[in-house]
Novice: 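After the structure tokens below, expect a handful of questions from me.
To find a chain, count down the sequence lines: A is the first, B the second, and so on, and within it residues start at 1.
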Protein chains: 2
Amino acid sequence: MAVLADPTRREVLERLRAGPRPVNAIAAGLPVSRPAVSQHLKVLKEAGLVEERSEGVRRIYSVRREGLLELRVWLDSFWIDALDAFKLEAEKSYKAKKGKR
Amino acid sequence: MAVLADPTRREVLERLRAGPRPVNAIAAGLPVSRPAVSQHLKVLKEAGLVEERSEGVRRIYSVRREGLLELRVWLDSFWIDALDAFKLEAEKSYKAKKGKR
DNA sequence: TGCTTCCGTAAGCCATAGCTTACGGTAAGC
DNA sequence: GCTTACCGTAAGCTATGGCTTACGGAAGCA
């Protein structure tokens, strides 16, 4: 969750969505230096959102589908709980008002 | 998005899901001080995830349904884009392989 | 064997987030 | 009016995250 908090990191992810890319290509155009991107990639990799493959001297990074899905599931449960709780609460207060009348 | 990054803030939100509560009740049991909770509530309020109502000397906070939904929509679009892009990429590489044969 | 490109990592800097303590303001009860 | 329970805000500290520069290792190419 904290992984998605940083805008630069989200931007890196965005660029990766268009397909696998070497670090160079990802960093090009970004307002931060290449090492910074490397560091972000490391975090993303540890979070399981990205995977790395060597191709000669290059490291090709790509989005990791399973990681995305896991995150999706996590977020969804967070959600459903939240909305359900809200619904319950709403009903409760409704009944309370109703009872008062 | 950054709003959900902090664990304490998520915890505050969790407690609020069970229904509206005064600051005191929210802070009770949390490992941080009451003013810290106040500060988190301020952030949550500015993010539109929570709303505040005065009741005598107490401030009752509750989850704001619309805020939750907005966040939901935002997250969903992030998602759909991500998975779609992944799918496209997968198909592309598949066709590439197929073409090579 | 050099030279060059690509990249990860270490070291250090700096801004910011989150926390605490301290204070002040407001409502309720006496 | 005085006190007491709530709570927000200001000030200050500290840890941490993100960045940069600098370095070094690995692979291709002359």
Novice: May I ask you to say whether A:E55 pairs ionically with A:R53, meaning some side-chain N is under 4.0 Å from a carboxylate O?
Specialist: yes
Novice: Using the side chain to side chain donor-acceptor pair (under 3.5 Å) criterion, which residues pair with B:E46? Sequence neighbours excluded.
Specialist: none
Novice: Which atom pairs link the protein and nucleotides 7-9 of chain D when you take only N or O atoms and keep those under 3.5 Å?
Specialist:
| residue | atom | partner | partner atom | Å |
| --- | --- | --- | --- | --- |
| D:dC7 | OP1 | B:V23 | N | 3.3 |
| D:dC7 | OP2 | B:N24 | N | 2.8 |
| D:dG8 | OP1 | B:Y61 | OH | 2.6 |
| D:dG8 | OP2 | B:S38 | OG | 2.2 |
| D:dG8 | N7 | B:R34 | NH1 | 3.2 |
| D:dG8 | O6 | B:R34 | NH2 | 3.1 |

Novice: Quick check on D:dC19: is either OP1 or OP2 less than 4.0 Å from any side-chain nitrogen or oxygen of A:T8?
Specialist: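 Answer is yes, contact under 4.0 Å.
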Novice: Return the value, rounded to whole Å, for the distance between atom CG of A:D6 and atom P of C:dT16.
Specialist: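 In whole Å, C:dT16 P lies 14 Å from A:D6 CG.
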Novice: Please identify each residue that fulfils side chain to side chain donor-acceptor pair (under 3.5 Å) with A:E66, with sequence neighbours left out.
Specialist: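 Expected list: A:R64.
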Novice: Can you name the residues that form a salt bridge (Lys or Arg N to Asp or Glu O under 4.0 Å) with A:R34, not counting sequence neighbours?
Specialist: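 Counting only residues at least two positions away or on another chain, A:R34 forms no salt bridge (Lys or Arg N to Asp or Glu O under 4.0 Å).
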Novice: Return the set of residues passing salt bridge (Lys or Arg N to Asp or Glu O under 4.0 Å) with A:K42 (not counting sequence neighbours), or none when no residue passes.
Specialist: none
Novice: Using residues 67-75 of chain A as the side-chain source, report each donor-acceptor pair under 3.5 Å to any protein atom, sequence neighbours left out, with the distance given to one decimal.
Specialist:
| residue | atom | partner | partner atom | Å |
| --- | --- | --- | --- | --- |
| A:R72 | NH1 | B:D76 | OD1 | 2.8 |

Novice: Are there any protein N/O atoms within less than 3.5 Å of an N/O atom in nucleotides 1-4 of chain D, and if so, which ones and at what distance?
Specialist:
none

Novice: Taking 4.0 Å as the cut-off, does a side-chain nitrogen or oxygen of B:H40 come that near to OP1 or OP2 on C:dA17?
Specialist: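 No, outside the criterion.
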Novice: Please report the distance, rounded to the nearest Å, between CG in B:L4 and P in C:dG18.
Specialist: 12 Å
Novice: For the pair made of CG in A:L44 and C1' in D:dG17, what is the distance, rounded to whole Å?
Specialist: 14 Å
Novice: Evaluate the side-chain proximity of B:L13 to B:V50: yes if any heavy-atom separation is below 4.5 Å, no if none is.
Specialist: yes
Novice: Within this structure, what is the CZ-to-P distance between A:R9 and D:dC19, rounded to whole angstrom?
Specialist: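 The distance from CZ of A:R9 to P of D:dC19 comes to 8 Å, rounded to the nearest Å.
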Novice: Within the structure, does a side-chain N or O atom of A:S33 lie under 4.0 Å from either OP1 or OP2 of D:dC19?
Specialist: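 So the side-chain polar atoms of A:S33 never come under 4.0 Å of the phosphate oxygens OP1 or OP2 of D:dC19.
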Novice: On DNA chain D, check which nucleotide each of A:P31 and A:E55 is closest to and give me the residue with the more 5' one.
Specialist: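 The residue whose closest nucleotide sits nearer the 5' end is A:P31.
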Novice: Could you work out, with salt bridge (Lys or Arg N to Asp or Glu O under 4.0 Å) as the rule, every residue matching B:R15, not counting sequence neighbours?
Specialist: B:E11
Novice: Both A:A2 and A:G56 contact DNA chain D. Taking the nearest nucleotide for each, which residue is further toward the 5' end?
Specialist: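 Nearer the 5' end of the strand: A:A2.
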Novice: Among residues at least two apart in sequence or on other chains, which ones pass salt bridge (Lys or Arg N to Asp or Glu O under 4.0 Å) with A:R59?
Specialist: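 Result, salt bridge (Lys or Arg N to Asp or Glu O under 4.0 Å) vs A:R59: A:E52.
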